A.B. asks: 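The structure follows.
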Amino acid sequence: MKFLHLFLSALSFFLLIHCQSAQQTSTTTNAETTQEILPIKDLLPPPGGEGEIILNERGEEIQNHTGEIPFFQKKSDLPTEIFRVYIASDSYQVRQIRHTDKIRRKPDAGGDELSKEEMKKFDLLSFVDDGMITIGLNTITGKLESIAFDRRVPRINDIAKIIQNDASRFNYEHSSKDGTPIVTKFLISYQIRLYPGKTRDEIKQMLQKKK
């Protein structure tokens, strides 16, 4: 009887250890599988230059890495380029690449969504375009004073209007003690992405109806 009691105790202990080991192995395997699926993102130098802080559309500090779209990754050769904006019908992203200690864009999630919505009606064919806007701020109030295309204008006029309207809605925080702007003239670079939403025949029919 005593032997049977010891045998049952040993068997219970063995089963408990076995279950724990199997559970740990399963957890380890799942963790390893997850690590294999997740791509490794290598860090890249800040596009605005060494030591520059990068902020996203929510004003959060982030780093440049290989997981970013190429438009955000590339080094900036224009000293006055401060913001980069990517707009598609499913995405609105901003990267501030310079002078975060002097000027910052105020987050505007509602305005960002509206700009995304504007892009949906242009999702006809796969198309990527870009544009560059020069911004001039009032030297006293820091409010928008002038806006114009610089160097690159989008090939679609309606897209150019969306970019111009988007840049004109930005509001900024200035880091000076009295609130006057330190930076009053700068560039905003845009990249626009359109997705294929209609066939070529459907587009031809649309164009014929407009004539």
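One-based numbering along the sequence shown. No experiment lies behind these values; they were computed from the predicted model shown.
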A.B. asks: To the nearest 0.5 angstrom, please state how far the CG atom of L187 sits from the OG1 atom of T80.
C.D. replies: 3.5 Å

A.B. asks: Between H174 (side chain) and S176 (backbone), is there a donor-acceptor pair under 3.5 Å?
C.D. replies: no

A.B. asks: Under 30°, 30 to 60°, or over 60°: which ring-plane class applies to Y172 and F186, parallel, tilted or perpendicular?
C.D. replies: perpendicular

A.B. asks: Would you kindly confirm whether V153 and I163 end up in one hydrophobic cluster when ILVMFWY residues are joined by side chain heavy atoms under 4.5 Å apart?
C.D. replies: yes

A.B. asks: Which pair of heavy atoms, one from G48 and one from R98, lies closest together, and at what distance?
C.D. replies: O-NE, 3.3 Å

A.B. asks: How about S89 and D123: does a side-chain donor come under 3.5 Å of a side-chain acceptor?
C.D. replies: yes

A.B. asks: Same cluster or not: are I97 and I188 linked, directly or through other Ile, Leu, Val, Met, Phe, Trp or Tyr residues, by side-chain heavy atoms under 4.5 angstrom apart?
C.D. replies: no

A.B. asks: Answer yes or no: is there a side-chain heavy-atom contact under 4.5 Å between Q191 and I87?
C.D. replies: no

A.B. asks: Between S76 and P47, is there a donor-acceptor pair closer than 3.5 Å when you use the side chain of the first and the backbone of the second?
C.D. replies: no

A.B. asks: Roughly how far, to the nearest 0.5 Å, is CD1 of I182 from OG1 of T184?
C.D. replies: 10.5 Å

A.B. asks: With rounding to the nearest 0.5 angstrom, report the CD to CG distance, E117 to D112.
C.D. replies: 12.5 Å

A.B. asks: Working to the nearest 0.5 angstrom, can you tell me the gap between D158 CG and E118 CD?
C.D. replies: 9.5 Å

A.B. asks: Are D129 and Y190 linked by a side-chain donor-acceptor pair shorter than 3.5 Å?
C.D. replies: no

A.B. asks: Using a 4.5 Å cut-off on heavy atoms from C-beta on, say whether the side chain of Y86 contacts that of Y92.
C.D. replies: no

A.B. asks: Are the side chains of F127 and P196 in contact, using a 4.5 Å heavy-atom criterion?
C.D. replies: no

A.B. asks: Is there a side chain to side chain contact (heavy atoms under 4.5 Å, CB included) between L55 and R104? Walk through the geometry before answering.
C.D. replies: CA-CA 9 Å; L55 300 178; R104 295 192 177 199; 3.7 Å; yes

A.B. asks: Should the heavy atoms of other residues, nucleotides or ligands under 6.0 Å from CD of E145 be counted, would the total exceed 12?
C.D. replies: yes

A.B. asks: If you compare all heavy atoms of E81 against all heavy atoms of S189, which two are closest, and at what distance to 0.1 Å?
C.D. replies: OE2-OG, 2.7 Å

A.B. asks: According to a hydrophobic-cluster definition based on side-chain heavy atoms being under 4.5 Å apart (Ile, Leu, Val, Met, Phe, Trp, Tyr only), do I133 and V94 belong together?
C.D. replies: yes

A.B. asks: May I ask you to say whether D108 pairs ionically with R58, meaning some side-chain N is under 4.0 Å from a carboxylate O?
C.D. replies: no

A.B. asks: Mind checking whether E68 and N64 have side chains closer than 4.5 Å, heavy atoms only?
C.D. replies: yes

A.B. asks: At what distance, to the nearest 0.5 angstrom, does NE2 of H65 lie from CG of L44?
C.D. replies: 8.5 Å

A.B. asks: Hey, quick one: are I147 and I162 part of the same hydrophobic cluster, counting side-chain heavy atoms closer than 4.5 Å, chains of contacts allowed?
C.D. replies: yes

A.B. asks: Of all heavy-atom pairs between N138 and P181, which one has the smallest distance, and what is that distance?
C.D. replies: O-CG, 3.2 Å

A.B. asks: Can you tell me how far the CZ atom of R151 sits from the CE atom of M132, to the nearest 0.5 Å?
C.D. replies: 6.5 Å

A.B. asks: For residues R95 and N56, report the shortest heavy-atom separation together with the two atoms involved.
C.D. replies: NH1-CB, 3.6 Å

A.B. asks: Over all heavy atoms of both residues, which pair between P154 and F149 is shortest? Give the atoms and the distance, please.
C.D. replies: CD-CE2, 3.5 Å

A.B. asks: Passes side chain to side chain contact (heavy atoms under 4.5 Å, CB included), K185 versus I135? Steps please.
C.D. replies: CA-CA 6 Å; K185 192 172 183 179; I135 295 292; over 6 Å; no

A.B. asks: Same cluster for L144 and I82 if Ile/Leu/Val/Met/Phe/Trp/Tyr side chains link at under 4.5 Å?
C.D. replies: yes

A.B. asks: Assess R105 against F170: is NZ or CZ under 6.0 Å from the centre of the six-membered ring, and within 45 degrees of the ring's axis?
C.D. replies: yes

A.B. asks: Can you find a heavy atom in the side chain of V85 that is under 4.5 Å from one in the side chain of D166?
C.D. replies: yes

A.B. asks: Would you call R193 and M119 a side-chain contact if the rule is heavy atoms closer than 4.5 Å?
C.D. replies: no

A.B. asks: Answer yes or no: is there a side-chain heavy-atom contact under 4.5 Å between Q63 and P46?
C.D. replies: no

A.B. asks: Could you walk me through whether Y195 and D90 satisfy the side chain to side chain contact (heavy atoms under 4.5 Å, CB included) test, starting with their C-alpha distance in whole Å, then the side-chain angles of each, then the deciding distance to 0.1 Å, before giving a yes or no?
C.D. replies: CA-CA 10 Å; Y195 296 108; D90 62 349; 3.2 Å; yes

A.B. asks: For the residue pair I156 and L194, establish whether any side-chain heavy-atom pair is separated by less than 4.5 Å.
C.D. replies: yes

A.B. asks: Could you tell me whether the side chain of Q96 and the main chain of I103 form a donor-acceptor pair under 3.5 Å?
C.D. replies: yes

